[in-house]
Amino acid sequence: MTTVRDEAPGVRAAPIPTWFGVGGGAERFARPSDSYALAELVRTEPAGVRVLGDGANLLVDDEGVTGLVVALDRLDSIEALDGATPAGTVRVRAGAGVKLPKLIGWAVRHGLAGIETIAGIPASMGGAVVMNAGGRFGEIADVVRSAQCIDANGDTRELPASELGFGYRTSAPVGLIVCSVEIELQRVEGRAHDELRARHRDVLTYKRETQPMGDRCAGCVFKNPLVDTERVSAGMLIDRAGCKGLEVGGARVSDRHANFVLVDPKRAQAAHIIELMRTVRARVAEAHAVVLEPEVVIWSERPDPLAPR
Ligand code: EPU
């Protein structure tokens with residue numbers, strides 16, 4: 001069953017759930033139970049839908065958004081696949097709504113290596129593929145074999161990784177909705193399994209020691225920019241521009257890692273986070289002559305939400 005909650009035009013439903021925990025609602029909201037129901041919704045919505053993953057990298061403007069928002073949290077199955085794979089490997093299919101930490105925990109428990117490198121990054125599998133989630137130790141593109149996607153007509157296609165166009169924090173399925181992902185992991189046993197558990201712990205420890213990890217801040221706010229030919233840490237640039245601790249209303253630049261915004265749930269509004277992002281971007285441009293590009297996706301009815309209001 002698909003639940004579609006309709007509101008009279010102009011009236012917004014409850015806030016869209018995001019890690020920032022701020023922002024408005026959706027004019028209409030649905031949680032399809034499987035990829036068929038999702039495809040049916042897409043077919044009946046010619047103007048297109050907005051897709052909600054785990055809401056970890058998403059900032060919804062205070063006024064909310066028009067149209068239909070589709071949450072994929074019920075596409076949450078994890079399944080090891082039978083069939084021929086290269087020796088020592090196992091293929092796993094995960095629904096777009098599976099949370100990355102849950103899949104990684106499952107893989108580590110079952111002695112399947114390769115995805116522990118991105119532990120601690122907040123995302124759903126669908127969102128992780130669309131943004132090619134990653135960090136210092138790896139990115140999701142390292143393990144993805146293919147993704148099942150739905151196009152704007154509601155038709156389903158399986159795209160191999162080579163057609164997913166992975167790049168730095170991007171992939172190419174523009175206009176496509178990822179509904180499940182097939183990944184290939186290495187089977188490890190005995191001592192190698194202990195080493196896998198230790199690697200998983202080490203990645204999480206690194207994240208805990210260097211970044212604020214909690215549910216009132218999302219992932220990194222800006223992408224690491226290309227300076228000459230190298231990616232440079234946006235957090236380092238923001239830090240060197242003196243922005244740690246900078247506050248707008250209920251939003252504050254983390255003292256631990258400057259590419260994170262901490263939110264005070266009692267006071268924060270989306271407008272505060274947006275204003276803080278604008279200020280940080282201006283200070284970094286002034287200090288380093290580098291224009292930061294947001295990694296956080298902003299849902300807004302404004303054409304350029306980061307433009308001054
Ligand atoms: N640094 C500072 N000040 C700061 C933050 C960082 O000086 O406020 C320095 C660090 O000391 C280090 C360097 O900058 O020398 C790099 O820092 P870090 O290892 O934290 O990596 P990053 O490039 O800032 C990336 C990803 C993170 C991921 C980490 C670790 C992006 C935009 N960020 O950050 O991903 O967790 O590597 O793997 O790619 C995310 O995608 O949401 C995210 C947080």
Side-chain angles (χ1 to χ4, degrees), residues 18-21 52-59 99-104 108 114-144 166-171 198-247 251-263 273 276-277 279-281 283-285 287-288 290-298 306:
T18 66
W19 280 44
F20 280 124
L52 177 65
D54 197 24
N57 239 313
L58 179 64
L59 176 58
K99 293 181 181 176
L100 197 53
K102 179 179 165 192
L103 180 69
I104 294 172
V108 170
I115 199 172
E116 72 287 352
T117 54
I118 53 174
I121 293 185
S124 63
M125 279 303 279
V129 167
V130 169
M131 303 196 66
N132 190 13
R136 165 173 296 232
F137 309 102
E139 54 190 21
I140 194 138
D142 301 338
V143 295
V144 172
F166 285 121
Y168 168 74
R169 298 296 90 82
T170 61
S171 71
R199 262 197 320 278
H200 182 219
R201 269 197 308 274
D202 288 349
V203 176
L204 285 173
T205 303
Y206 175 83
K207 298 273 299 184
R208 279 198 200 98
E209 282 173 356
T210 59
Q211 300 174 8
M213 283 177 75
D215 58 2
R216 277 291 168 172
C217 70
C220 283
V221 171
F222 293 102
K223 296 185 181 189
N224 285 350
L226 258 188
V227 177
D228 299 323
T229 52
E230 262 184 60
R231 291 270 164 208
V232 176
S233 166
M236 188 187 70
L237 295 177
I238 298 167
D239 186 358
R240 291 194 182 159
C243 296
K244 274 189 172 171
L246 199 65
E247 256 179 21
R252 172 188 166 87
V253 175
S254 163
D255 287 310
R256 186 173 284 210
H257 191 299
N259 201 8
F260 285 77
V261 168
L262 307 179
V263 164
I273 300 171
L276 190 59
M277 287 173 71
T279 308
V280 164
R281 200 155 74 150
R283 288 208 187 171
V284 169
H288 308 292
V290 172
V291 177
L292 294 177
E293 195 191 324
E295 176 166 320
V296 162
V297 174
I298 304 177
L306 281 180

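Counting convention: from 1, in listed order, for ligands and their atoms alike. For this chain, numbers begin at 1 and follow the sequence in order.
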Hey, does Ala258 come in under 3.5 Å of ligand 1, counting only N/O atoms on both sides? yes
State the atoms of ligand 1, each with its element, that fall below the 4.0 Å cut-off from a heavy-atom position in Lys244. 8 (O)
Could you work out, for atom 36 (O) of ligand 1, the closest of Lys223, Glu295, Lys207 by heavy-atom distance? Lys207
Distance col, row Leu103:CG vs Ile140:CD1, nearest 0.5 angstrom, shows 7.5 Å
Would you mind listing which atoms of ligand 1 come within a distance below 4.0 Å of any non-hydrogen atom of Gly219? 42 (O)
Strictly distance-based, threshold 3.5 Å: is any side-chain N or O of Asn132 a donor or acceptor partner for the main-chain N or O of Ala141? yes
Go through ligand 1 atom by atom and flag the ones less than 4.0 Å from a non-hydrogen atom of Gly134. 35 (O), 41 (O)
Can you tell me the protein heavy atom closest to atom 23 (O) of ligand 1 and the distance? Asn224 ND2, 2.8 Å
Where is the nearest protein heavy atom to atom 9 (C) of ligand 1: which residue, which atom, and how far? Met236 CB, 3.9 Å
Taking atom 29 (C) of ligand 1 as the point of reference, which of Gln211, Met131, Arg240, Arg256 owns the nearest heavy atom? Gln211
Lys207 meets the salt bridge (Lys or Arg N to Asp or Glu O under 4.0 Å) criterion, sequence neighbours left out, with none
Sub-3.5 Å N/O-N/O distance, Tyr168 and ligand 1: yes
Backbone N/O of Val291 and side chain of Glu293: donor-acceptor pair under 3.5 Å: no
Strictly under 4.0 Å, does any heavy atom of Gly120 approach an atom of ligand 1? no
Can you tell me which residue and heavy atom of the protein come closest to atom 20 (O) of ligand 1, and the distance to 0.1 Å? His257 NE2, 2.9 Å
Between Lys244 and Asp239, is there a side-chain N and carboxylate O pair less than 4.0 Å apart? yes
Below 4.0 angstrom from a heavy atom of Phe222, which ligand 1 atoms are there? Numbered from 1 as shown, please. 32 (C)
Could you tell me the residue and atom name of the protein heavy atom closest to atom 13 (C) of ligand 1, and the distance to it rounded to 0.1 Å? Ser233 CB, 3.9 Å
May I ask you to identify the nearest protein heavy atom to atom 12 (C) of ligand 1, giving residue, atom name and distance to one decimal place in Å? Arg136 NH2, 4.1 Å
Report the nearest protein non-hydrogen atom to atom 19 (O) of ligand 1: residue, atom name, distance rounded to 0.1 Å. Tyr206 OH, 2.3 Å
For Ile115, the option from Asp142, Leu100, Val144 that meets side-chain contact (heavy atoms from CB on, under 4.5 Å): Leu100
Arg199 CZ: over 12 foreign heavy atoms closer than 6.0 Å: yes
Determine yes or no for a side-chain-to-main-chain donor-acceptor pair under 3.5 angstrom, with Arg256 supplying the side chain and Arg208 the backbone. yes
Can you confirm whether the side chains of Tyr168 and Arg231 place a donor and an acceptor under 3.5 Å from each other? no
For ligand 1, which atoms have a heavy atom of Gly135 less than 4.0 angstrom away? 28 (C), 37 (O), 38 (O)
Considering heavy atoms of the protein only, find what lies nearest to atom 3 (N) of ligand 1 and give residue, atom and distance to 0.1 Å. Asp239 OD2, 2.8 Å
Using modelled atom types and a 3.5 Å cut-off, is there a donor and acceptor pairing between side-chain atoms of Ser171 and backbone atoms of Val129? yes
Are Glu230 and Leu226 side-chain neighbours, meaning at least one heavy-atom pair lies under 4.5 Å? no
In the protein, which heavy atom is nearest to atom 44 (C) of ligand 1, and how far is it? Cys220 SG, 2.5 Å
Interatomic distance, NE2@His200 vs CD@Glu116, rounded to 0.5 Å, equals 8.0 Å
For Arg231, is the nearest heavy atom under 4.0 Å from an atom of ligand 1? no
